[in-house]
*Asks:* 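This is the structure, below, for whatever I ask next.
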Protein chains: 2
Amino acid sequence: MKNVAVLVKKLPTPKSPKKVAITELPGHSIRRLQQIAVSLFMEHTKKHGVTPVQYAALEEIFKSPGLDQRSLATAIRFDTSTIGGVIDRLEKRGLVTRNASPTDRRVRLLELTSEGEHVLAAMQPTVQRAQHAILAPLSETEQVLFIALTKKILAANESLAAVTD
Amino acid sequence: MKNVAVLVKKLPTPKSPKKVAITELPGHSIRRLQQIAVSLFMEHTKKHGVTPVQYAALEEIFKSPGLDQRSLATAIRFDTSTIGGVIDRLEKRGLVTRNASPTDRRVRLLELTSEGEHVLAAMQPTVQRAQHAILAPLSETEQVLFIALTKKILAANESLAAVTD
DNA sequence: TACATATTATCAGCATACGTACAATATATT
DNA sequence: AATATATTGTACGTATGCTGATAATATGTA
């Protein structure tokens, strides 16, 4: 009787692992999805030399000229410690300017240069095509469904990661 | 008349960008999905100090002991130039061994240490919970649907990115 | 006004990701 | 055997992504 109690009581981590098919895990599928989305984006927008992350930054700065880095990061879900480097690269390419705020000396205000606006305008159609390409394997109905399901997951996890505020 | 022809013919890139809601682009949603999946994984498996990528490697090496790095990379869709560093870290932690092949001196054969097997076994339940957490916002039916749609996209793009062969 | 607290940006460290190039080694072909 | 080609692993450069720490600056409150 005592033996049984001991056996039942322990139940530690199983001695040997089970064989898990990585491919079947949602996490892995999502990682693959991301690899594919980035790959298609880069393929379609190759001639502009702008990454998906940089594109998102350009788009947001265009929508809200003069916003600060932190607000930008929050808006497009970058980590605040990443945003600096992204802006560095855009600034170096002359697509973005970063000026000290006259009212708050901590803040760097972001704006597109005319070159930045030009590049953004030029690449928008290619970005659209890339987005279509990602969902292309799905029917119209399936695409709507996929987007809805995705949004549902995102909505339930808004606070997770890259939301520094 | 000529004016019209000229206008029609050119159609260059638009002068000024349109305002695009980044949040509405599939690429951005997928990026968010990935951030969330990783975040949930790390949260659930915190005590094991193993990343999603490292976990995939452990799982695959357990399934196919003695496989080489390149095969591993292909199996779990790592970039071949990334796999080395991942194995380095697992090796340094004593979870994996990397031995020269007796038949082919180019190859490094991978195997789990007993510690590696132990860690893998210990974390499998927590990984399961993390995977459930990712899809938790969806109903059972929706989860099945989401997985099916995702797989359809992946199947159509198997060759894209991180498939070095 | 003086101090505690909050905010903005930056930096260091670690871990993917991918392109490109390259050395070592196998294998196929001539 | 000698050469051409393919394969395995590594290294370097660039770009995220996140944690934790810190400096500079604001702001709220005693």
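Values in this document were obtained by computation on a predicted structure and should not be read as measured data.
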*Asks:* What residue among Val86(B), Thr113(B), Leu112(B), Asp88(B) forms side chain to side chain contact (heavy atoms under 4.5 Å, CB included) with Val96(B)?
*Replies:*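 It is Leu112(B), the one option of Val86(B), Thr113(B), Leu112(B), Asp88(B) that forms the side chain to side chain contact (heavy atoms under 4.5 Å, CB included) with Val96(B).
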*Asks:* Do Met42(A) and Leu58(A) share a hydrophobic cluster, counting only Ile, Leu, Val, Met, Phe, Trp and Tyr and linking them when any side-chain heavy atoms are less than 4.5 Å apart?
*Replies:*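 Yes; tracing contacts between hydrophobic side chains, which count when under 4.5 Å, links both residues.
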*Asks:* Please report, rounded to the nearest Å, how far the P atom of dA15(C) is from the NE2 atom of His48(B).
*Replies:*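 It is 17 Å, rounded to the nearest whole Å.
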*Asks:* Can you figure out which of dA26(D), dA9(C), dC18(D) approaches the side chain of Asp68(A) most closely?
*Replies:*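 Among the listed nucleotides, the one closest to the side chain of Asp68(A) is dA9(C).
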*Asks:* Given dA6(D), is OP1 or OP2 found less than 4.0 Å from the side-chain N or O atoms of Arg106(B)?
*Replies:*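 No.
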*Asks:* For a quick test of reading the model, state the closest non-hydrogen atom pair linking Glu59(A) to Lys18(B) and the distance between them.
*Replies:*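 Minimum heavy-atom separation between Glu59(A) and Lys18(B): OE2-O, 3.3 Å.
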*Asks:* Quickly work out the Asp79(B) CG to dG9(D) C1' distance and round it to whole Å.
*Replies:*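 About 13 Å, once rounded to whole Å.
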*Asks:* Once rounded to the nearest 0.5 Å, what's the spacing between atom NE2 of His28(B) and atom CD1 of Ile22(B)?
*Replies:*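 That separation rounds to 7.0 Å.
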*Asks:* Pairs in or reaching into residues 147-157 of chain A: which pass salt bridge (charged side-chain N to carboxylate O under 4.0 Å, His left out), with residues at least two apart or in two chains?
*Replies:*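 Every pair satisfying salt bridge (charged side-chain N to carboxylate O under 4.0 Å, His left out) with a residue in residues 147-157 of chain A: Lys151(A)-Glu24(B), Lys152(A)-Glu142(B).
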*Asks:* Taking 4.0 Å as the cut-off, does a side-chain nitrogen or oxygen of Gln35(A) come that near to OP1 or OP2 on dA17(C)?
*Replies:*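 Checking Gln35(A) against dA17(C): no side-chain N or O falls below 4.0 Å of OP1 or OP2.
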*Asks:* In whole angstroms, how far is the C1' atom of dT10(C) from the CD1 atom of Ile87(A)?
*Replies:*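 Whole-Å distance recorded here is 14 Å.
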*Asks:* Calculate the interatomic distance between Phe78(B) atom CZ and dC18(C) atom P; express it in whole Å.
*Replies:*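 To the nearest whole Å, that distance equals 10 Å.
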*Asks:* Would one find a side-chain N or O of Arg31(A) under 4.0 angstrom from OP1 or OP2 of dA17(C)?
*Replies:*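 For Arg31(A), the contact criterion (side-chain N or O under 4.0 Å from OP1 or OP2 of dA17(C)) is met.
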*Asks:* Taking CG from Leu72(A) and P from dT16(D), how many angstroms apart are they, rounded to a whole number?
*Replies:*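 Value for this atom pair: 12 Å.
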*Asks:* Grab the OH-P distance between Tyr55(A) and dT16(D) for me, whole Å please.
*Replies:*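 In whole Å, dT16(D) P lies 15 Å from Tyr55(A) OH.
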*Asks:* Tell me the interatomic distance from Asn99(B), atom CG, to dT8(D), atom P, rounded to whole angstroms.
*Replies:*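 Result: 18 Å.
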*Asks:* Classify every nucleotide of nucleotides 10-15 of chain D by which part a protein heavy atom approaches to under 4.0 Å, writing B for the base, S for the sugar-phosphate alone and - for neither, in 5'-to-3' order.
*Replies:* BB---S
*Asks:* State, to 0.1 Å, how close Ser29(A) and Thr150(B) come at their nearest heavy-atom pair, and which atoms those are.
*Replies:*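 Minimum heavy-atom contact is CB-CG2, 3.7 Å.
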*Asks:* Are Ile83(A) and Ile87(A) close enough, and set up right, to give a side chain to side chain contact (heavy atoms under 4.5 Å, CB included), and what steps lead you there?
*Replies:* CA-CA 6 Å; Ile83(A) 193 80; Ile87(A) 301 300; 4.1 Å; yes
*Asks:* Starting from the 5' end of DNA chain D, give me the residue, Arg105(A) or Gln34(A), whose nearest nucleotide shows up first.
*Replies:*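 Residue closer to the 5' terminus by nearest nucleotide: Gln34(A).
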*Asks:* What is the distance, to the nearest angstrom, from the CG atom on Leu67(A) to the C1' atom on dA9(C)?
*Replies:*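 Computing the Leu67(A):CG to dA9(C):C1' distance gives 14 Å.
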